[in-house]
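What's counted below: heavy atoms across the whole structure, side chains too, no hydrogens, waters or symmetry copies.
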Amino acid sequence: MSAAPVRVLVVDDEPPIRKLLRMGLTAQGYQIVEAPNGKTALDLLSQSPDLIILDLGLPDTQGLDLLQTIRARNESVPIVVLSSRGDEAGKVQALDLGADDYVTKPFGMDELLARLRAALRHQLQTHGERPIFRVGDLSVDLVRRIVKVGDREVKMKGLIPARRPLGASIVEHNRTCCSRDDIAYQWPDFKS
């Protein structure tokens with residue numbers, strides 16, 4: 001089962017960095033939404049990104065101010081700062097203001113991907129959810145959105161994107177009864 005792709009809001013004023021991130025992350029199955037400045041980033045929060053990659057050097061606002069604004073809205077979305085500022089005090093300040101991780105430019109794509117997965121796992125765990133569900137040989141990885149039987153990945157060709165959240169919800173709430181209203185809430189297109 002590949003659930004809906006993880007939606008990542010990339011906030012960076014440098015087009016080459018946004019392009020690199022778009023190419024690298026989409027190749028790994030992420031859906032990318034781009035913002036070249038803080039104002040656009042705040043507007044795009046309405047699209048409910050699953051994760052934010054935030055550069056601190058933005059043309060219209062300080063990245064740390066934007067970080068505080070996002071957190072002040074009670075946004076629990078994981079935020080990974082991606083910045084050329086490598087001083088320890090700056091890193092500590094960003095983390096203290098609510099960043100979940102800090103990656104210094106230049107960066108390796110594999111390390112960034114690992115940090116994104118860690119931030120997503122941490123978010124699941126803070127909400128009391130397990131990132132990987134196992135029943136016998138079956139495993140469902142909700143962060144990487146992969147289903148395996150033993151060591152073999154299962155391709156769920158028939159599971160259209162609109163129904164993937166329902167599948168993930170069923171996995172997340174295994175061994176619990178769901179009312180019709182619960183299902184309708186998770187899947188608004190549900191028809192009885």
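Here the side chains of Lys19 and Arg22 are in contact, with some heavy-atom distance below 4.5 Å. Residues Leu42 and Leu66 are in side-chain contact: their nearest non-hydrogen atoms beyond the backbone lie under 4.5 Å apart. Residues Tyr102 and Arg85 have side chains in contact (heavy-atom distance under 4.5 Å, counting atoms from C-beta outward). Val80 is listed as a side-chain neighbour of Val103, based on a closest heavy-atom distance under 4.5 Å. Put simply, the side chain of Leu82 does not reach to within 4.5 Å of the side chain of Leu54, judged on heavy atoms. Looking at heavy atoms from C-beta onward, Ile32 lies out of side-chain contact with Leu21 at the 4.5 angstrom threshold. Side-chain contact between Leu116 and Leu51 is present, with at least one heavy-atom pair separated by less than 4.5 Å. The side-chain heavy atoms of Val6 and Gln31, taken from C-beta on, include no pair separated by under 4.5 Å.
In this structure, CD1 in Ile53 is found 13.0 Å from OG in Ser83, a value given to the nearest 0.5 Å. To the nearest 0.5 Å, the span separating CG on Asp96 from CG on Leu64 amounts to 11.0 Å. Summarising the geometry, atom CG belonging to Leu58 is positioned 14.0 Å from atom NZ belonging to Lys39; distances are rounded to the nearest 0.5 Å. Taken from OG1 in Thr69 to CZ in Arg73, the straight-line distance is 7.5 Å, to the nearest 0.5 Å. Once rounded to the nearest 0.5 Å, the distance linking CD of Glu111 with OG1 of Thr104 reads 8.5 Å.
Summarising the geometry of Val11 relative to Ala41, their closest heavy-atom pair is CG2-CB, 3.6 Å, with the distance given to 0.1 Å. Closest of all the heavy-atom pairs between Pro59 and Asn37 is CG-CB, 4.1 Å. Across all non-hydrogen atoms, the minimal contact from Ala99 to Val81 is CB-CG2, 3.7 Å. Taking all atoms of both residues into account, the shortest heavy-atom contact from Leu97 to Arg71 is O-CG, 3.7 Å. Here the shortest heavy-atom pairing between Asp50 and Pro5 reads OD2-O, 3.9 Å. Minimum heavy-atom separation, Asp100 to Pro78: OD2-CA, 3.1 Å.
Open room surrounds CG on Asp151; 12 or fewer heavy atoms of other groups in view lie less than 6.0 Å from it.
Residues Asp110 and Arg117 are not paired through a salt bridge, judged by the lack of any N-O separation under 4.0 Å between the basic side chain and the carboxylate.
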(message) As a quick check of understanding, evaluate salt bridge (charged side-chain N to carboxylate O under 4.0 Å, His left out) for Lys105 and Asp55, giving each step before the final call.
(response) CA-CA 10 Å; Lys105 295 177 186 175; Asp55 179 26; 3.6 Å; yes
(request) Under the side chain to side chain contact (heavy atoms under 4.5 Å, CB included) rule, what do Leu67 and Ile79 come out as? Steps first, then yes or no, please. (result) CA-CA 8 Å; Leu67 175 60; Ile79 300 173; 3.4 Å; yes
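Judged by distance alone, the side chain of Arg7 and the main-chain N or O of Gln47 form a donor-acceptor pair under 3.5 Å. Put simply, the side chain of Arg18 gets close to the backbone of Asp12: a donor and an acceptor are under 3.5 Å apart.
A donor-acceptor pair shorter than 3.5 Å cannot be found between the side chains of Thr40 and Asp43.
There is a path of hydrophobic side-chain contacts, each under 4.5 Å, that joins Met109 to Val10.
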